[in-house]
Amino acid sequence: MQQSPSPESYPPCFRQNHLSNQIHSNHVAEINHDREDPLPVIDLDRIDLRKLNEACTDWGIFRLINHGIPSSLLSELHEHTVRVFDLGYESKRNLFSSIPTSSISYFWGTPALTPAGDALYKPNTHHEKDDSKNYNWVEGLNVPLGPSSQIQLHQHPLLHDFRILLEEYGAHQARVAKSVFDSMLRNLKLGEENECCLSPSTGILRVYRYPRCYSDNPPKVWGLDVHTDSSLVTILNQDEVGGLQINSEKDDAWIDAKPIPNTLLVHLGDMMQAISDDKYKSVKHRVKVHKDKERISIGYFVFPGDDYVIRSSIYEPFTYSDFRTQVQHDIKALGAKVGLSRFKLNKDNDF
């Protein structure tokens with residue numbers, strides 16, 4: 001049974017007194033455990049290359065079983081996540097402003113962050129009519145896993161213990177990501193020189209809380225809008241609360257990625273699509289808010305090294321650093337990510 005969060009732990013615009021006049025929307029998740037799950041399943045113990053290739057080609061996402069991450073670690077990590085997020089909002093702001101963003105940074109209302117871990121833009125918090133369109137219904141922590149992130153947090157015992165758990169979890173995710181990535185390279189018949197494309201030092205964890213909506217008329221917002229990840233691979237661990245939806249291009253439909261215990265969801269990102277010459281798809285996905293329950297998920301994102309040049313018959317040569325800079329420019333200028341089409345050969349420049 002999920003404990004009700006303290007309203008004071010939410011940023012002010014997510015609290016009940018700011019929701020009473022919002023417009024009803026269907027952007028609200030419902031838990032349905034009876035519906036058949038259509039997502040392909042890959043067993044990490046015995047990776048079937050044919051099934052993996054079909055999953056990457058047709059879906060861009062698959063469910064991973066036998067991943068080897070101890071259930072005790074997942075439980076402990078979830079408990080610590082709840083404790084951190086349930087701190088009062090002002091306490092969280094003060095706490096995270098006192099530590100380097102290279103260790104952990106706190107954000108809300110937007111998933112768009114600078115390389116340093118700061119929000120790329122600040123959500124409008126004046127609570128005007130239709131103001132909810134200006135922010136995402138999400139609160140989160142950005143946790144780099146590279147060597148420069150090893151900063152002592154002994155003066156903050158809760159964060160110190162949390163960071164240790166996150167590092168242990170991140171090491172497991174790096175192992176899983178490399179195994180999956182190497183198998184995809186084998187399917188694509190890409191040589192050993194491509195193995196160094198995936199750089200474990202770029203790994204980050206994003207710990208998300210999607211606040212519950214207190215109102216009977218939930219706000220017209222998404223937890224996360226429709227997007228693709230910029231990563232090579234994203235590995236998601238979600239709790240029992242539904243909300244994640246995957247776009248199925250072959251069915252032209254949105255599909256609920258329902259929570260299934262002891263499984264992970266592996267998303268392919270833009271960098272994987274690029275190195276595969278568009279054979280593999282960077283999956284479009286979004287997150288719906290929930291009226292009665294908050295949702296917690298932890299995503300592991302891994303990228304090419306900043307100087308690694310991605311070469312493709314479809315795209316101009318570019319580095320992930322080039323891609324990230326362009327994405328951040330587009331978000332600031334256009335309010336949205338444009339993505340891979342910016343780098344396509346013979347592209348139409350009318351965005």
Side-chain angles (χ1 to χ4, degrees), residues 29 32-67 173 176-190 194-195 197-198 224-238 242-288 297 299-304 310 312-315 323 337-341 343-345:
N32 185 345
H33 295 295
D34 298 324
R35 188 181 304 172
E36 183 179 353
D37 179 48
L39 296 182
V41 178
I42 301 297
D43 186 337
L44 190 64
D45 264 354
R46 300 179 297 277
I47 294 181
D48 184 318
L49 293 180
R50 181 188 59 80
K51 286 181 64 176
L52 177 64
N53 192 60
E54 289 176 355
C56 295
T57 302
D58 296 341
W59 288 89
I61 184 173
F62 51 88
R63 207 175 284 283
L64 195 68
I65 61 173
N66 292 326
H67 46 72
Q173 293 288 32
V176 171
K178 183 171 185 345
S179 180
V180 168
F181 181 70
D182 287 350
S183 296
M184 289 191 287
L185 290 184
R186 287 168 61 192
N187 273 335
L188 292 167
K189 296 181 170 53
L190 295 176
N194 292 283
E195 291 181 8
C197 177
L198 183 145
L224 289 182
D225 295 310
V226 178
H227 67 287
T228 60
D229 292 341
S230 296
S231 59
L232 274 166
V233 173
T234 301
I235 305 175
L236 185 71
N237 172 27
Q238 57 178 343
L244 177 66
Q245 292 189 323
I246 305 302
N247 182 254
S248 170
E249 289 187 2
K250 63 178 182 177
D251 300 321
D252 190 27
W254 286 96
I255 294 171
D256 292 323
K258 67 178 184 179
I260 295 180
N262 300 318
T263 69
L264 301 172
L265 287 172
V266 179
H267 300 230
L268 305 193
D270 298 334
M271 299 301 98
M272 195 68 227
Q273 178 169 328
I275 69 168
S276 74
D277 276 350
D278 284 4
K279 294 182 181 71
Y280 290 173
K281 303 303 180 187
S282 180
V283 63
K284 292 180 182 177
H285 53 288
R286 64 190 184 188
V287 178
K288 301 173 78 174
S297 67
Y300 171 79
F301 303 80
V302 65
F303 307 85
I310 292 173
S312 164
S313 64
I314 295 175
Y315 301 98
F323 185 85
K337 169 184 169 181
V338 176
L340 282 174
S341 57
F343 296 87
K344 214 157 197 177
L345 293 169

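Basis for what follows: all heavy atoms, side chains included, without hydrogens, waters or symmetry-related copies.
Using a distance-only test at 3.5 Å, with no hydrogens or angles considered, no donor-acceptor pair links the side chain of Gln273 to the main chain of Leu340. The closest donor-acceptor contact from the side chain of Asp48 to the backbone of Arg50 lies under 3.5 Å. With hydrogens and angles ignored, the 3.5 Å screen pairs no side-chain donor or acceptor of Gln245 with any backbone N or O of Trp254.
Within 6.0 Å of the CD atom in Glu54, the count of heavy atoms belonging to other residues, nucleotides or ligands exceeds 12. Annotation for Asp45: atom CG counts as buried by contact number, over 12 foreign heavy atoms lying within 6.0 Å.
Screening residues 259-269 for salt bridge (charged side-chain N to carboxylate O under 4.0 Å, His left out) gives no qualifying pairs among residues at least two apart or on separate chains.
For the pair Phe323 and Gly339, the tightest heavy-atom approach, listed with the atom from each and the gap, is CE1-C, 3.7 Å. Pairing each heavy atom of Ala177 with each of Leu198, the nearest pair is O-CD1, 4.1 Å. Annotation for Ser282 and Gly269: closest pair OG-C, 3.2 Å, computed over non-hydrogen atoms. In plain terms, the two heavy atoms of His227 and Leu224 that are nearest each other are CE1-CD1, 3.9 Å. Between Lys281 and Thr57, the closest heavy-atom pair is CG-O, 3.7 Å.
Screening Val233, Val283, Ile61 for a side-chain contact (heavy atoms from CB on, under 4.5 Å) involving Val266 leaves a single residue, Val233. Paired with Ile235 under the rule side-chain contact (heavy atoms from CB on, under 4.5 Å), one option of His267, His67, Gln173 passes, and it is Gln173.
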Assess whether side chain to side chain contact (heavy atoms under 4.5 Å, CB included) is satisfied between Leu236 and Leu244, documenting all intermediate values.
CA-CA 10 Å; Leu236 185 71; Leu244 177 66; 3.6 Å; yes
Go through the steps for Met184 and Asn194 under the test side chain to side chain contact (heavy atoms under 4.5 Å, CB included), then give the verdict.
CA-CA 11 Å; Met184 289 191 287; Asn194 292 283; over 6 Å; no
Side chain to side chain contact (heavy atoms under 4.5 Å, CB included) assessment of Val226 paired with Asn247
CA-CA 9 Å; Val226 178; Asn247 182 254; over 6 Å; no
Verdict with reasoning, Asn53 to Tyr280, per side chain to side chain contact (heavy atoms under 4.5 Å, CB included):
CA-CA 8 Å; Asn53 192 60; Tyr280 290 173; 2.6 Å; yes
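A donor-acceptor pair shorter than 3.5 Å can be found between the side chains of Tyr315 and Asp278.
Ionic pairing of Arg186 and Asp182 is not present here: no N-O contact between side-chain nitrogen and carboxylate oxygen is shorter than 4.0 angstrom.
Residues Thr234 and His285 fail the side-chain proximity criterion, which asks for heavy atoms closer than 4.5 Å. Counting heavy atoms from C-beta on, the side chains of Lys51 and Ile42 come closer than 4.5 Å. The shortest distance between side-chain heavy atoms of Leu265 and Ile246 does not fall below 4.5 Å. Thr228 places a side-chain heavy atom less than 4.5 Å from the side chain of Lys284. With a 4.5 Å cut-off on side-chain heavy atoms, Cys197 and Leu232 count as touching. In this structure, Phe62 and Val180 have side chains that are in contact, with non-hydrogen atoms separated by less than 4.5 Å. Counting heavy atoms from C-beta outward, Asn187 and Leu52 have side chains that approach closer than 4.5 Å. Ser230 is not listed as a side-chain neighbour of Phe301, based on a closest heavy-atom distance of 4.5 Å or more.
Remark: Asp270 pairs with Lys337 by the salt bridge (charged side-chain N to carboxylate O under 4.0 Å, His left out) rule, at least two apart or across chains.
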